[in-house]
J.: 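To start, I am sharing the structure in question, which I have written as structure tokens.
The chain is numbered in sequence order, starting from 1. Every heavy atom of this structure was used, including side-chain atoms; hydrogens, water molecules and symmetry mates were not.
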Amino acid sequence: MKVLMHFTTSHSVFRLLSRAGSNPFTHTERIKKVSDFYNRFHRSQRHLYFIVSFFDLRAGTTSYSASNILFDEKTNLFKYSKVSLSTKNLICNELGLNGSNTYDNESFYRTLTIEGSETEFENNKKDSDLNKIKMKFFTWDELLDCKNILFEEINEKIFNKENILKIASTYSPSLNCTEDLMQKKYFDALKSIGFISKNGVNTSNTTLHGDIGEFLMHTMLSQFLSENSSEKYIYPKLVFKTSPKMPVYGNDGTIYLKDKKEIYYLEAKFYSNLNTAINKAVDSLSEHNEVTQEELNHRIELFRNVKTDNLNEVIEIDENVSENLVLFLICDNYNEYDDILNVIKDNEKLNNLKANFNIVVFVLPILHKNEYLKLFNEKSKSVWDNLNA
């Protein structure tokens, strides 16, 4: 992702370019720099950021402001639109800006790059009761204006070959499979879990909704659950699916943190209504809580190392392991952090379950369930056609 840095020692320039709202760029040199930058990169980037770094010569301190660069086709003007404080801090952290820069030029520019995809997800955790997953560099207003940004990124994760092989197959890197065999395993796994079909998928099938939720749960939690664990293993239930229409009973999956001696039993729910998703998840966890360490030990070889992707590394679950529950909830009736947190804190069933278990809650707002499923169906057809071309 590209960033145009404007370094200045002029407080009036910094104040001008830090204004709230959407404002036109002024001064010939600045407009030329922005125009060249925009014309070079806007076709390949969803965001182009403009960062002002102001060095106060008297105080010896550096301050930053951050805006999106926009082109207004009605007025033919380049504009800057100030981003939120959290987005500004995120960009500065990604660029390694720490306020220690010193320079005495009145003004100069530099193009910088933030590595990685601008559509990456992050765990926006502000409270101990809620892990809320969101796209790193997009506001909810941006996503509400163009939901497909979120939908397409979710589909990229779901139909990614590497993710499919990790979560829905018994593939292991130690097998040294040929590319053709890996492609066949990918195709077979997609069919088994019902993500593709010759006659198209039935997006009204609630089993499919559950499997989408489970898949995203394992993909996200592999990254966001206990991020500092060095020995993390996942045990996804989707491996056992043999028919797209038939659910696999029991907990939706397990994550074992060998280094921390912790085990997490997982439950995913994909509903439009968050409160319904919580109630259904709690009911399922209560119903399926017969899963024991002894039962997991029968298929212990299927625990997959998150870092290496290898199977057959876990010999047995530590007998002193602490047990925890995880709810992974996908909904479309709430987007804002505080609204979601209030629903979670007010849910009676969840509060009753918390009296007996340590529970970790993750929420992924999806904006519009039915619109997403429509795009999922289109992506499924495209993948089927490509694999059978």
J.: So do the side chains of Ile278 and Lys349 get within less than 4.5 Å of each other, counting heavy atoms only?
T.: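 A side-chain contact under 4.5 Å is absent here.
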
J.: Can you tell whether the side chains of Glu118 and Lys136 come within less than 4.0 Å, N to carboxylate O?
T.: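 Answer for the salt bridge query: no.
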
J.: When the aromatic ring centroids of Trp384 and Phe187 are compared, is their separation below 6.0 Å?
T.: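 They qualify: ring centres under 6.0 Å apart.
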
J.: List the steps and the verdict of salt bridge (Lys or Arg N to Asp or Glu O under 4.0 Å) for Asp309 and Lys166.
T.: CA-CA 7 Å; Asp309 295 337; Lys166 286 179 184 178; 3.5 Å; yes

J.: Residues two or more places apart in sequence or in another chain: which of them pass ring-ring contact (aromatic ring centres under 6.0 Å, His included) with His368?
T.: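 Partners of His368 by the ring-ring contact (aromatic ring centres under 6.0 Å, His included) criterion come out as none, since no residue qualifies.
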
J.: Once you round to the nearest 0.5 Å, how far does CG of Asn205 lie from OG1 of Thr207?
T.: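 Asn205 atom CG to Thr207 atom OG1 measures 4.5 Å (nearest 0.5 Å).
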
J.: Run the salt bridge (Lys or Arg N to Asp or Glu O under 4.0 Å) check on Lys161 and Glu179 step by step: do they pass?
T.: CA-CA 11 Å; Lys161 183 193 293 186; Glu179 185 58 38; 2.8 Å; yes

J.: Mark yes or no for whether Lys132, through its side chain, and Lys126, through its backbone, hold a donor-acceptor pair below 3.5 Å.
T.: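 No; zero donor-acceptor contacts below 3.5 Å.
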
J.: Counting C-beta onward and ignoring hydrogens, is there a side-chain heavy-atom pair between Ile212 and Met217 closer than 4.5 Å?
T.: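 No, side chains not in contact.
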
J.: Is it the case that the side chain of Asp332 and the backbone of Lys369 share a donor-acceptor pair, with hydrogens and angles ignored and the cut-off at 3.5 Å?
T.: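 Side chain of Asp332 to backbone of Lys369, a donor-acceptor pair under 3.5 Å: yes, one is there.
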
J.: Any side-chain to backbone donor/acceptor pair from His42 onto Phe71? Under 3.5 Å, distance only.
T.: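 Absent.
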
J.: To the nearest 0.5 Å, tell me how far Lys381 NZ sits from Lys198 NZ.
T.: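 So the NZ of Lys381 and the NZ of Lys198 are separated by 15.0 Å.
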
J.: Glu262 and Tyr264: side-chain donor and acceptor closer than 3.5 Å?
T.: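 Tyr264 and Glu262 do have a side-chain donor-acceptor pair below 3.5 Å.
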
J.: For the CE atom of Met182 and the CG atom of Leu175, what is their distance to the nearest 0.5 Å?
T.: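 If I round to the nearest 0.5 Å, the distance is 10.0 Å.
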
J.: Does the Glu142 side chain pair with the main chain of Thr139, one donor and one acceptor, at a distance under 3.5 Å?
T.: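 Present.
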
J.: Suppose we screen for side-chain contact (heavy atoms from CB on, under 4.5 Å). Which residues come up paired with His27, at least two apart in sequence or across chains?
T.: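 Scan of His27 (side-chain contact (heavy atoms from CB on, under 4.5 Å), adjacent residues dropped) gives Arg30.
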
J.: Flag the pair Leu16 / Tyr80 as yes when at least one side-chain heavy-atom distance between them is below 4.5 Å, and no otherwise.
T.: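 Yes - at least one pair of side-chain heavy atoms lies under 4.5 Å apart.
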
J.: Side chain of Arg304, backbone of Tyr171: donor and acceptor closer than 3.5 Å?
T.: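 Yes, Arg304 side chain to Tyr171 backbone: donor-acceptor pair under 3.5 Å.
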
J.: Would you mind checking if Lys184 and Asp180 are paired as a salt bridge, meaning a charged N to carboxylate O distance below 4.0 Å?
T.: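 Not counted as a salt bridge, because no side-chain N and carboxylate O are separated by less than 4.0 Å.
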
J.: For Lys269, what residues pass the salt bridge (Lys or Arg N to Asp or Glu O under 4.0 Å) criterion, not counting sequence neighbours?
T.: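 Salt bridge (Lys or Arg N to Asp or Glu O under 4.0 Å) list for Lys269, sorted by chain: Glu267.
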
J.: Is it true that atom NZ of Lys134 has more than 12 heavy atoms of other residues, nucleotides or ligands lying nearer than 6.0 Å?
T.: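 Result for NZ/Lys134: enclosed.
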
J.: Drop me the distance from Thr8's OG1 to Leu17's CG, to the nearest 0.5 angstrom.
T.: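 Going from the OG1 atom of Thr8 to the CG atom of Leu17 covers 8.0 Å.
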
J.: Do the side-chain N and O atoms of Ser81 and Asn68 include a donor-acceptor pair separated by under 3.5 angstrom?
T.: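 Ser81 vs Asn68: no donor-acceptor pair found between side chains.
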
J.: May I ask you to decide if the ring planes of Tyr372 and Phe376 are parallel, tilted or perpendicular, using 30° and 60° as cut-offs?
T.: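 Ring orientation, 0 to 90° scale: tilted.
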
J.: Under 30°, 30 to 60°, or over 60°: which ring-plane class applies to Phe303 and Tyr235, parallel, tilted or perpendicular?
T.: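 Ring orientation of Phe303 relative to Tyr235: tilted.
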
J.: On a heavy-atom basis, which atom in Asn23 and which in Gly21 lie closest, and how many Å separate them?
T.: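 Residues Asn23 and Gly21, closest heavy atoms: ND2-O, 3.6 Å.
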
J.: Got a sec: does the CZ of Arg19 have more than 12 other heavy atoms crowding it under 6.0 Å?
T.: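 For Arg19, atom CZ is crowded (more than 12 foreign heavy atoms under 6.0 Å).
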
J.: Around Phe41, counting heavy atoms of other residues, nucleotides and ligands shown, do more than 12 lie under 6.0 Å from its CZ?
T.: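 Correct, the count exceeds 12.
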
J.: The test is ring-ring contact (aromatic ring centres under 6.0 Å, His included); show your working for Phe7 and Phe55 and say whether it passes.
T.: CA-CA 8 Å; Phe7 297 86; Phe55 181 62; over 10 Å; no

J.: Please check this pair: side chain of Ser10 against backbone of Val13, looking for a donor-acceptor N/O pair closer than 3.5 Å.
T.: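 It does hold such a pair.
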
J.: Under the side-chain contact (heavy atoms from CB on, under 4.5 Å) criterion, do Thr62 and Phe54 qualify, and how do the steps go?
T.: CA-CA 5 Å; Thr62 306; Phe54 164 60; over 6 Å; no

J.: So which of Asp252, Asp211, Ile164 actually passes side-chain contact (heavy atoms from CB on, under 4.5 Å) with Leu238?
T.: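 Of the listed options, the one satisfying the test is Asp211.
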
J.: So, Asn202 and Ser204: side-chain donor and acceptor under 3.5 Å apart, yes or no?
T.: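 Yes, Ser204 and Asn202 have a side-chain donor paired with an acceptor closer than 3.5 Å.
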
J.: Less than 3.5 Å apart, which donor and acceptor atoms pair up between the side chains of residues 110-117 and the rest of the protein, not counting sequence neighbours?
T.:
residue, atom, partner, partner atom, Å
Thr113, OG1, Lys2, NZ, 2.6
Ser117, OG, Thr119, N, 3.0
Ser117, OG, Thr119, OG1, 2.6

J.: Would a 4.5 Å heavy-atom cut-off, applied to side chains only, mark Pro365 and Ile340 as touching?
T.: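 Yes, close enough: below the 4.5 Å cut-off.
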
J.: Using modelled atom types and a 3.5 Å cut-off, is there a donor and acceptor pairing between side-chain atoms of Asn347 and backbone atoms of Val343?
T.: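 Checked: no pair found.
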
J.: How long is the gap from CD1 on Ile193 to CG on Leu208, to the nearest 0.5 Å?
T.: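 Atom-to-atom, Ile193:CD1 and Leu208:CG are 9.0 Å apart.
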
J.: Angle class for the Phe50/Phe25 ring planes (parallel below 30°, perpendicular above 60°, tilted otherwise)?
T.: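 Perpendicular.
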
J.: Any heavy-atom pair between the side chains of Tyr337 and Val363 that's under 4.5 Å?
T.: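 Side-chain contact under 4.5 Å: no.
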
J.: Ignoring hydrogens and geometry, is there a side-chain-to-backbone donor-acceptor pair from Asn131 to Lys125 under 3.5 Å?
T.: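 Here the side-chain-to-backbone pair does not exist.
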
J.: Could you pull out all residues at least two apart from Glu156 that satisfy salt bridge (Lys or Arg N to Asp or Glu O under 4.0 Å)?
T.: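 By the salt bridge (Lys or Arg N to Asp or Glu O under 4.0 Å) rule, Glu156 matches Lys379.
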
J.: Evaluate Lys32 against Asp36 for salt bridge (Lys or Arg N to Asp or Glu O under 4.0 Å), listing each step before the verdict.
T.: CA-CA 6 Å; Lys32 177 68 165 57; Asp36 289 347; 2.6 Å; yes

J.: For residues 219-227, tabulate all N or O donor-acceptor pairs below 3.5 Å that involve a side-chain atom, not counting sequence neighbours.
T.:
residue, atom, partner, partner atom, Å
Thr219, OG1, Phe215, O, 3.0
Ser222, OG, His218, O, 2.6

J.: Are Asp56 and Thr61 linked by a side-chain donor-acceptor pair shorter than 3.5 Å?
T.: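 Short answer, no.
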
J.: I'd like to know whether Leu216 forms a side-chain contact (heavy atoms from CB on, under 4.5 Å) with Ile158, so could you lay out the CA-CA distance, the side-chain angles of the two residues, the decisive distance to 0.1 Å, and finally the verdict.
T.: CA-CA 7 Å; Leu216 285 171; Ile158 286 178; 3.9 Å; yes

J.: Ring-plane angle category for His47 and Tyr49, please: parallel below 30°, perpendicular beyond 60°, tilted otherwise.
T.: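 If you compare the ring of His47 with that of Tyr49, the planes turn out parallel.
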
J.: Is any side-chain heavy atom of Met5 closer than 4.5 Å to one of Ser53?
T.: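 Yes. Closest side-chain heavy atoms under 4.5 Å.
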
J.: Yes or no on side-chain contact (heavy atoms from CB on, under 4.5 Å) for Ser380 and Phe195, after CA distance, side-chain angles and deciding distance?
T.: CA-CA 6 Å; Ser380 173; Phe195 287 0; 5.7 Å; no

J.: Would Glu313 and Asn305 count as having a side-chain donor-acceptor pair, cut-off 3.5 Å?
T.: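 Their side chains do contain a donor-acceptor pair, which is all the 3.5 Å distance test asks for.
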
J.: Can you check whether Lys79's main-chain N or O pairs, donor with acceptor, with Asp72's side chain at less than 3.5 Å?
T.: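 A pair under 3.5 Å: no.
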
J.: Has the side chain of Thr87 got a donor or acceptor atom that lies under 3.5 Å from a matching backbone atom of Val83?
T.: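 No.
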
J.: Less than 4.5 Å apart, side chain to side chain, heavy atoms only: is that true for Ile359 and Val326?
T.: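 Answer no - side chains too far apart.
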
J.: Check whether any side-chain heavy atom of Leu387 sits under 4.5 Å from a side-chain heavy atom of Gln183, and report yes or no.
T.: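 Yes, close enough: below the 4.5 Å cut-off.
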
